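Nothing here was measured: the structure is a model prediction, and the numbers come from that model. Just the heavy atoms: all of them, side chains too, but no hydrogens, waters or symmetry mates, feed the values below. Below, read A as the first sequence line, B as the second, and so on, with proteins coming before strands; counting in each chain starts at 1.
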There are 2 protein chains.
Amino acid sequence: MTAYDQRREHVLDGCAQVFAEKGYDSASIRDIARAVEMSAGGLYHYCSNKQDLLYQVCDRAFRSLIARLEEGLSHVDDPQERLYTVFVTHLTYFLDRPDELITLTENLSSLTPPGSAKIRELQRCYYDIVSGVLASFPGITATSLRVATMTLFGSINWVHTWYRRGIDGGADELARVMTDLFLNGLAPAYKCSPSSPKHVD
Amino acid sequence: MTAYDQRREHVLDGCAQVFAEKGYDSASIRDIARAVEMSAGGLYHYCSNKQDLLYQVCDRAFRSLIARLEEGLSHVDDPQERLYTVFVTHLTYFLDRPDELITLTENLSSLTPPGSAKIRELQRCYYDIVSGVLASFPGITATSLRVATMTLFGSINWVHTWYRRGIDGGADELARVMTDLFLNGLAPAYKCSPSSPKHVD
DNA sequence: GCATCAATCAAACAAACATCCGATCACTTG
DNA sequence: CAAGTGATCGGATGTTTGTTTGATTGATGC
């Protein structure tokens with residue numbers, strides 16, 4: 001990693017922070033410059049324009065996320081454990097680098113061509129992985145697979161709007177609750193033991 | 001309803017459309033003026049400033065949504081049917097007036113005091129209703145109630161990012177799939193079938 | 001037919017914006 | 001030391017922003 005690359009990483013960190021806090025549109029080049037302690041003009045040594053900064057942040061974040069998930073899934077075979085791996089990997093990444101994931105979920109729609117197409121490709125890649133995990137459950141149909149996958153993404157991507165550090169438990173606990181919800185639902189008692197609707201373990 | 005109020009409704013419709021399409025920050029007063037076929041200055045007869053327009057759109061949308069949900073739930077007693085009612089009401093509203101709901105979910109964070117506090121109160125009201133529905137399921141704990149409620153919101157609020165008209169089925173079908181997922185999960189076969197003694201905890 | 005009043009407009013305002021540019025600065029290399 | 005080079009800066013540019021202002025219109029009441 002060259003010195004230039006290191007500096008660029010630092011710039012992208014600052015971008016993610018500012019984009020996550022104010023959103024792409026109301027984040028000004030001067031805001032970013034202040035966050036990385038550089039002049040506005042100086043930023044243009046690490047990007048071609050403001051839009052390019054958003055692209056670089058999204059690209060880096062998506063690639064990290066996909067790499068982590070592929071690594072995590074490579075050790076696990078059981079479908080239920082693989083589902084847990086999806087949740088815990090994404091949530092761990094979120095707690096680890098919240099600004100990047102917030103930028104990714106909140107500002108994707110601010111991307112313009114041609115960068116938007118490349119990022120959408122990464123998004124598709126991520127979708128296929130998660131969808132593949134869900135597809136291994138028996139009894140799932142084509143339409144319910146799509147809805148279930150999108151519902152899962154919605155659940156995960158919504159976390160940043162309500163999660164509070166120190167109050168809401170770590171990634172493992174959150175992932176456990178969500179996995180249980182997706183596997184067994186809210187009313188397993190109704191379904192499995194109609195004679196004792198109150199029983200739960 | 002006075003003529004002024006009617007005209008104001010028309011202005012808010014245009015705002016919702018522009019906000020949903022471009023986002024609050026990059027939607028200009030002139031964009032909105034063009035959408036409602038009025039001059040930029042003329043808009044200020046229906047608001048005190050741009051921020052006020054966002055507030056009015058959010059306020060109107062949230063109140064409609066809450067009213068619809070309260071009405072719908074008032075006819076239903078069974079917990080499982082009440083859960084379906086939550087899904088189908090929200091999704092119907094989304095398919096009915098997508099711009100308002102998109103503005104609500106995408107631009108809430110652009111609200112500033114004092115309007116933001118008032119909207120947050122409506123949000124809290126909506127949360128309490130939905131949380132109450134989920135709380136009626138046996139075996140749900142305090143933390144899992146919070147996570148389940150937020151997961152439900154995430155699922156619903158994410159729909160606008162992937163739904164495609166004419167391809168993805170109506171509100172009732174979507175609500176049915178989601179309700180089934182939340183009630184029974186992906187692996188009811190694993191849990192209930194006698195041939196599969198293993199279960200997750 | 002005159003006065004009132006709300007609704008609307010075009011024009012103008014300062015502020016903020018992304019971007020560009022010439023001038024330095026801190027270095028390595030000969 | 002001299003020359004060269006990449007990084008960074010402050011300032012300037014032209015555009016767009018939200019908002020204000022003063023004038024104009026069209027209808028209503030007298």
Are the side chains of A/Val11 and A/Gln56 in touch, meaning some heavy atoms are under 4.5 Å apart? no
Would you say the side-chain atoms of A/Glu100 and A/Tyr93 include a donor-acceptor pair closer than 3.5 Å? yes
Under a 3.5 Å threshold, yes or no: a donor from one side chain and an acceptor from the other, between A/Ser28 and A/Asp31? yes
Starting from Watson-Crick (N1-N3 plus N6-O4 or O6-N4) and G-U wobble pairs under 3.5 Å, report the runs of at least three that DNA chain D belongs to. C:4-26 with D:5-27
Would you confirm whether A/Gln80, through its side chain, and A/Asp180, through its main-chain N or O, come within 3.5 Å as a donor-acceptor pair? no
Verify, without hydrogens or angle tests, whether B/Asp52 (side chain) and B/Ser48 (backbone) share a donor-acceptor contact under 3.5 angstrom. yes
Without decimals, in angstroms, what is the distance between [X] [atom1] and [N] [atom2]?
X	N	atom1	atom2	answer
B/Leu53	D/dG18	CG	C1'	11 Å
B/Met38	C/dA6	CE	C1'	13 Å
B/Glu37	C/dA7	CD	P	19 Å
A/Lys22	C/dA16	NZ	P	11 Å
A/Leu43	D/dG10	CG	P	13 Å
A/Arg7	C/dC27	CZ	C1'	15 Å
B/Arg8	C/dA6	CZ	P	17 Å

Do other residues, nucleotides or ligands put more than 12 heavy atoms under 6.0 Å from the CD atom of A/Glu9? yes
So if I define the base as every atom that isn't primed, P, OP1 or OP2, how would nucleotides 17-26 of chain C read as a B/S/- string at a heavy-atom cutoff under 4.0 Å? SBBB------
Going by ring pair (Phe, Tyr, Trp, His ring centres under 6.0 Å), B/Phe182 matches just one of B/Phe137, B/Phe87, B/Tyr84, B/Phe153. Which one? B/Phe87
Can you tell me how far the CZ atom of B/Arg63 sits from the CZ atom of B/Arg68, to the nearest 0.5 Å? 16.0 Å
